[in-house]
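Order of the sequence lines fixes the chain letters, A, B, ..., with proteins taken first and strands second; residue numbering starts at 1 for each chain. The figures here come from the full heavy-atom set of this structure, side chains too, leaving out hydrogens, waters and symmetry mates. The shown structure was predicted, so the numbers you read here are calculated from the model rather than taken from an experiment.
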Amino acid sequence: MAKIVVDVMLKPEILDPQGKAVAAALPRLGFTFAKDVRQGKRFEIEVDGEPTAAQLAEVEKAAEKLLSNPVIENFTVRVEK
Amino acid sequence: MAKIVVDVMLKPEILDPQGKAVAAALPRLGFTFAKDVRQGKRFEIEVDGEPTAAQLAEVEKAAEKLLSNPVIENFTVRVEK
Amino acid sequence: MKIGVVTFPGTLDDRDAARAVNHAGGQAVALWHNDADLRGVDAVILPGGFSYGDYLRCGAISRFSPVMEPIIKAALDGMPLLGICNGFQVLAEAHLIPGALTRNHELHFLCRDQKLTIENTNKAWTSSFTHGQEILIPLKNGEGAYMCDDNTLAMLEGEGRIIARYVGENPNGSRNLIAGITNERGNIVGLMPHPEHAIDSLTGPSADGLGFFTSVLNSFLAGSVK
Amino acid sequence: MSLDTVAKAQENPDASQPFAELGLKPDEYARIKEILGRRPTSSELAMYSVMWSEHCSYKSSKVHLKQFGEKAVKTDALLVGIGENAGVVDVGQGYAVTFKIESHNHPSFIEPYQGAATGVGGIVRDILTMGARPIAVMDPLRFGPADAADTRRVLPGIVAGVGGYGNCLGLPNIGGEVVFDETYLGNPLVNALCVGVMKHSDIKLAKAAGAGNLVVLYGAKTGGDGIGGVSVLASETFESKGPAKRPAVQVGDPFVEKVLIECSLEIFAEDLVVGIQDLGGAGLSCATSELASGGSGGMKVQLDKVPLRDPSLSPEEILMSESQERMCAIVEPSKIDRFLEICEKWDVTVTVIGEVTDGNHLEITWNDELIVDVPPRTVAHDGPVYNRPLAQPAYIDAVAKEVINVPLPTTAVEITSTVLKLAATPNLADKSWVTDQYDRYVQGNTIQSQPDDSGMVRIDEKTHLGVAVATDANANWSYLNPYEGAKLALAEAARNIATAGAKPLAVTNCLNFGSPEDPGVMWQFAESVRGLADGCLEMGLPVTGGNVSFYNQTGSVAILPTPVIGVLGVIDDVRTRTPMSFDRAGLDLYLLGETHSDLAGSEWAYLHNQRGGVAPVADLQREMRLIEFLVAGRTKKIFAAAHDLSQGGLAATLTEMVLRHNIGATVQLDNVGLMLLSETPGRVVVAIDPSQSAALTQEAPAQKIALTKIGVTGGDSLVINDAKISLTELRQAHTSTFKKLFG
Ligand SMILES: Nc1ncnc2c1ncn2[C@@H]1O[C@H](COP(=O)(O)OP(=O)(O)O)[C@@H](O)[C@H]1O
Ligand SMILES: [Mg+2]
């Protein structure tokens, strides 16, 4: 069984209130490493057997149609072992 | 400038209504590839320069303390180019 | 009796909680998230709202507010502490009570008048009710599904630590219809629905919520708090 | 392109400029040159283009809207009239209330959640700007057919957005509308209303007075959001270092707005501002030019001081950005320290960006170079005014000739199926699927909300003074006769206030129409405005503000003319309101008002695809008598319940009443089909204790109000003549529609 991962992030030019809130909270807890934080979604999709190219193409389509909102978000699809 | 990614997923035993809703919606749109879907969060943290081991250790701590809730979630930290 | 009501940035029901306290005969004292001390209060309420926008996870950021330090200390010492809705989420994030609150199973914010049964009446916040009493108060949240592992659930059930349970259809997917729970000692209560919005039938579905506030006052007068 | 400055504009007066891409007409561009005596700089061009857009300048509507001022009754109740961010009404006991509706239609089509969310955010800031604490919101919504695929995309997102933003601000949602019609497919209407309350002495205005006072920008940082409200292309015509594409959607941050509200209220309470303006459409262009022209006219702004979320923004873009959650205040230098302190307490970003000056120049610099030097009035108020051609569209006469021919039920079986069908039709079905996503309890002062005729909130906990607000539009009638349609919507909203016993005081409106460049649409608009102005004059109600939304059309098909009218009323003691329905058996049910054959534009006709006929004519004298009767009856405690009749007629009203507390009713009707389905305006069903019959039967005729006893309350069904519909079945029909459609 393999896992296909779709990461969905707000486009860089779109305001990310959640990422902003996290970035503001980190230094209050003494964590100073972050220059910026963006928060997005991660979908883990379980498929039977090794994902085929056709399957990945389908996932791309689903990512565009359902998993992301192309008006404000970008996505990437990859296979994870 | 490098990017550290923290992925946060609900523990397998915790019900994931969002993932379930996505899994149910996919076949309605004609997508039949998914056996199961889980939805989690992805944080992209921008840091100055190459992340050091010390920095990554800090991120681990922040992930445990703030970015995830260990009662219900697991996380992974990695560097992304 | 002085009861502190905490305002975090984004807290919404602080005025309502203070009104309920005063209505019940107590004296509400405003506490600010940046306060380092509790201004001599005898109990604390963490009210509902969207502290820090509910970003990241509800209650996750406010849980680290400066005021939480003295609150946690006092509560572990036995001070009555009630977390309503977002306050419940803060309690869970602070691990003052077990479990976590997650997204409603229908994935919408839900506001409705909700029937509950009170199942634990010997604690600071529910002594005014009778065991099994059915009450009607507003429920309004987007992440109100109570989640915990099986062992925790068995423990909560076994120790009678479920304060209130939803009656009828599960509104949000909470395990075992849990609407509110308490810590082992019984002084800390997390409650998802809103008793402060049900202190008179003019502005709420009933006056049933008042019982939570009179409970703590009565226990205090009877000297049984702490 | 390097920085364009005033000096360069003088040096090379003939440089070509992208005025057309920015939505300006050649003659408008020529006017700007004439005003300035030179070509505008690119920053000036940006400002004029957004401020002279339809959205900001009301250039097509102004000539009509002025009737609201001209025909208005003189009333002391109006503390601040049209022209400010929102009108302010005296509601007694030293309280002032402000309320306004605004549209966010187009953005909500593109990105339903964010469009609706920022729509709520914008109107709330308008109310805050007046110095008021926002206390409630409402959301009149309109969509394409309920079962259309795009409605399924748009509606859940819009509802979640209204809730997501409003809930997070802690504003109870006390009402709204959900209406479906083909013409809104591709043009959903998202109108948002906000009500705020303050003491008279706390009213704030948008004016920059007093040379030396500071111009302070506070709230969110400025990003590239919504640049060029007039044209998404706009920003691309300016070369900039940044990403090629600016975001086409504004994203709201309700948490920042909540903090901004509390921070502002603390600032107001300490009297730290001379003038204040929110940043909405046209962003800083609007705020600076309006503040300056509201004062003596002089202001200097250092634009490079504006805190940016996106450092690549050019000055032109900063001037046009519609980033949410920002406010601009004028502060005396002696008070600035305290102002900054309060902002720090709330963790709100704050920057002094300029100062008020003598004279009447708005001067904006970028790294010390002068890039704008304009008389602010010419930007804010002297925009073009069009008297656009208008012509009664051909359809008007054609539809008037159509005879409505729908089946009217007579038998028990027909009555039952008709009532159930109406109860379940999306326009009349229970809206809990929507309203359950809204917090109606927060602030602890909500007296009425969905499904009551109006929303009502208490504004003083000791005296129990309260206000009620209702919004209504009947686009079917407006389509048949826009003049009457506007009056009828006004009457309906006022009636919805009065059923609870509140006294109507003031009016706001949101006029949603197709393209003003279509003479037929322009005629619909003109007729609607004339109708509303005449109606308000006759009813003695001032229009305190509103909003116009044009270009709601898909191709050549415009939406139905949709003037949404909001009426605000006052009630001296909310505890004495008349509830919308009865909670016990044994009460008598009466119908107030006459029923005629008014099926044109009715829900029943719509269900039979008949859209023609002649709309009812508003009889506002009769409406006013009815309103007075309802208000007086509340004081005299005559009514146990009162609920008005509107879409769906008596059938819908009875359905809503019996389901409210699950107490049935038995009614006997002559001419049952018409009685159930006609939508004759000016009618209300009241329930009274039999001991009050004498009071009712004496006083109604004395006020020339027709009165018909139709039945009694009680039982577990709705019985109409021989038809017996169980409440269970009726509830099932009424409540399952939205769940089925939207999950
Ligand atoms: N989008 C909405 N938001 C909040 N309340 C709504 C919405 N749509 C409808 N409602 C409420 O549902 C009830 C019924 O609506 P409607 O039938 O349009 O009322 P009326 O005919 O009296 O104008 C009213 O209380 C109205 O305020
Ligand atoms: Mg009504």
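Note that the NZ atom of A:Lys20 and the CZ atom of D:Phe255 stand 9.0 Å from one another [nearest 0.5 Å]. Separation of atoms CG (A:Leu15) and CD (D:Glu325) is listed at 7.5 Å; rounding is to 0.5 Å.
Within a 6.0 Å radius of NZ in D:Lys221, other residues, nucleotides and ligands contribute 12 heavy atoms or fewer. Heavy atoms of other residues, nucleotides or ligands lying less than 6.0 angstrom from CG of D:Asp150 number more than 12.
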All N/O donor-acceptor pairs, side-chain side in residues 105-118 of chain D, below 3.5 Å, sequence neighbours left out:
residue	atom	partner	partner atom	Å
D:Asn105	OD1	D:Val190	N	2.8
D:Asn105	OD1	D:Asn191	ND2	3.4
D:Asn105	ND2	D:Asn512	OD1	3.0
D:Asn105	ND2	D:Ser549	OG	3.0
D:Asn105	ND2	D:Asn552	OD1	3.3
D:Ser108	OG	D:His104	O	2.5
D:Ser108	OG	D:Ala116	N	3.3
D:Glu111	OE1	D:Gln114	N	3.0
D:Glu111	OE2	A:Asn69	ND2	2.6
D:Gln114	OE1	D:Gly252	N	3.0
D:Thr118	OG1	D:His104	ND1	3.3
D:Thr118	OG1	D:Gln114	O	2.7
D:Thr118	OG1	D:Gly115	O	3.3

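Between D:Arg309 and A:Glu13, the shortest heavy-atom distance links the atoms NH2-O, 3.4 Å.
Listed by chain and residue number, C:Trp32 satisfy the ring-ring contact (aromatic ring centres under 6.0 Å, His included) test with D:Trp346 (two or more places apart in sequence, or in another chain).
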